[in-house]
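So the structure is just underneath, and the comments pick up after that.
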2 protein chains.
Amino acid sequence: MAIPRAAKTLRRTRIQEEKEEQILEAALDVFSARGFRGSTIDQIAEVARMSKPNLLYYFRTKEAMHRALIDRVLYTWLEPLRAFDAEGNPEEEIRSYIRRKLEMARDFPRESRLFANEVLQGAPHIEDELKGPLKQLVDEKAEVIRAWTKSGKIAECDPYHLIFSIWSTTQHYADFDVQVRAVLGQEHAGDERFEDAARFLEQLFIGGLRPNTPAT
Amino acid sequence: MAIPRAAKTLRRTRIQEEKEEQILEAALDVFSARGFRGSTIDQIAEVARMSKPNLLYYFRTKEAMHRALIDRVLYTWLEPLRAFDAEGNPEEEIRSYIRRKLEMARDFPRESRLFANEVLQGAPHIEDELKGPLKQLVDEKAEVIRAWTKSGKIAECDPYHLIFSIWSTTQHYADFDVQVRAVLGQEHAGDERFEDAARFLEQLFIGGLRPNTPAT
DNA sequence: CGGATATTTGACCGATTGGTAAACATTACA
DNA sequence: TGTAATGTTTACCAATCGGTCAAATATCCG
């Protein structure tokens with residue numbers, strides 16, 4: 001008889017690692033495209049090329065799958081904000097934060113949509129993460145920005161709304177990709193589109209935050 | 001025997017108007033909160049305080065409900081962009097566009113989330129609207145903005161990405177409301193939050209688009 | 001090898017899904 | 001008022017949902 005999954009081994013086998021990886025990869029595909037409620041275990045099983053009971057051998061419920069996925073992705077997702085350096089040059093820090101976030105929207109759109117789906121539907125599964133680790137990190141970085149504004153290195157502004165606006169503008173290219181494509185058409189595809197967006201956003205934020213622009 | 005719904009009357013009765021209104025109101029509640037696939041007809045029926053078969057008397061399928069809702073909301077949703085006036089003062093036009101979009105995010109968050117859910121999941125039901133009417137309108141307004149940049153009234157910039165960034169920053173406050181709340185905490189609730197956002201975004205966009213800032 | 005353990009699967013379950021059929025109730029209107 | 005058209009509901013359907021179970025199979029290790 002197999003050991004009940006809750007008490008499953010102290011050491012994880014090679015197969016466990018591989019299969020769990022395989023499942024979470026498939027789960028990312030499905031959850032990010034259809035949201036939690038819109039996804040079915042069968043769909044994930046199909047993408048993962050496993051039988052449904054086999055998935056449920058590794059993750060006892062659909063929720064457990066989702067939670068494991070969120071946990072794995074969340075840390076990485078906040079990496080760019082964490083890299084925000086109080087000692088650095090403000091303009092350069094903001095510029096590179098924008099670029100990093102934009103790169104993530106380009107390279108990891110599924111991860112972006114996973115969170116977008118979740119938050120959009122009221123964040124029923126990640127409320128704690130939002131109010132805990134996320135808020136804490138944002139508070140910390142907001143303080144850094146506040147210091148920059150106080151010292152006149154960048155224009156006086158609300159640091160929280162600054163962060164929100166960087167999140168929204170960059171993630172837009174992942175979350176609303178089909179809309180962006182529909183509007184821009186087939187021209188301006190791929191990297192060109194990415195570069196255009198980067199150029200615009202840098203201009204917008206650097207210009208918009210320039211301290212005390214000498215009277216016009 | 002009732003007339004088959006497809007051929008249902010040329011004139012719509014009072015009851016039809018009322019009930020369809022009632023259903024679409026409920027459908028907006030449910031679809032915007034859970035996405036199309038995550039919503040069930042029963043949930044809509046409960047919110048609408050009708051029996052499920054009664055809903056299906058007015059809308060033959062879940063899809064028909066969704067489509068009717070999209071159609072009704074889309075026109076209104078694009079109103080602010082349509083108001084964008086080529087003859088107006090660029091700075092003032094942009095400022096009021098931002099404000100209008102922000103007001104819509106505040107006053108009609110369900111409508112915003114309805115589209116966000118749809119687009120996020122690949123826009124399977126509104127692809128045509130995106131590639132047709134939406135693209136057309138955006139193209140037209142992008143041309144207006146282009147003229148402003150050419151004449152030096154605002155800084156040279158990509159008009160499409162400008163529009164995207166106004167969409168994303170403003171709609172963020174509707175679509176990611178729970179995240180915004182989680183990060184900002186209970187302080188800065190309601191109107192104060194709205195005013196803070198408006199002030200920041202105006203500063204960002206007006207500053208970021210100021211033409212040829214005199215050398216720093 | 002051989003037995004213990006870990007993995008995989010087909011068959012199945014009750015609940016829920018979108019949707020239908022037909023009886024029943026209400027309304028509009030001549 | 002009567003009756004035809006419109007509106008509503010109860011009972012139901014097949015398909016799909018998340019999840020279980022026991023049997024079958026593969027793997028590990030002495």
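Below, chain A is the first sequence line, B the second, and so on; all start at residue 1.
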Figure out the [atom1]/[atom2] separation between [X] and [N], and round it to whole Å.
X: A:Glu18; N: D:dT27; atom1: CD; atom2: P; result: 11 Å
X: B:Arg49; N: D:dT8; atom1: CZ; atom2: P; result: 15 Å
X: A:Leu55; N: C:dT8; atom1: CG; atom2: P; result: 10 Å
X: B:Glu17; N: C:dA28; atom1: CD; atom2: C1'; result: 16 Å
X: B:Lys62; N: C:dG19; atom1: NZ; atom2: P; result: 8 Å
X: B:Met65; N: C:dT17; atom1: CE; atom2: P; result: 13 Å
X: B:Ile41; N: D:dT16; atom1: CD1; atom2: C1'; result: 14 Å
X: B:His66; N: C:dG19; atom1: NE2; atom2: P; result: 13 Å

Is [X] close enough to [N] that one of its side-chain N or O atoms is under 4.0 Å from OP1 or OP2 there?
X: A:Gln16; N: C:dA6; result: no
X: B:Lys52; N: D:dT8; result: no
X: A:Ser51; N: C:dT8; result: no
X: A:Asn54; N: C:dT7; result: no
X: B:Tyr57; N: C:dT20; result: no

| message | Name the residue from B:Met65, B:Glu25, B:Lys52 that meets the side chain to side chain contact (heavy atoms under 4.5 Å, CB included) definition with B:Ile44. | response | B:Met65
| query | Heavy-atom count around B:Gln136 CD within 6.0 Å, excluding the residue itself: above 12? | reply | no
| remark: B:Asp42 has its side chain closest, among C:dT7, C:dG18, D:dT8, to C:dG18
| request: Report the nucleotide, chosen from C:dG19, D:dG19, D:dT10, that has the shortest atom-to-atom distance to any side-chain atom of A:Leu56. | output: D:dG19
| Pairwise distance CD1(A:Ile166) to CG(A:Leu162) - rounded to 0.5 angstrom | 4.5 Å
| remark: salt bridge (Lys or Arg N to Asp or Glu O under 4.0 Å) test vs B:Arg99 passes for just one of B:Glu93, B:Glu202, B:Glu92, namely B:Glu202
| field | Short N-O contact, B:Glu103 and B:Arg100, less than 4.0 angstrom | value | no
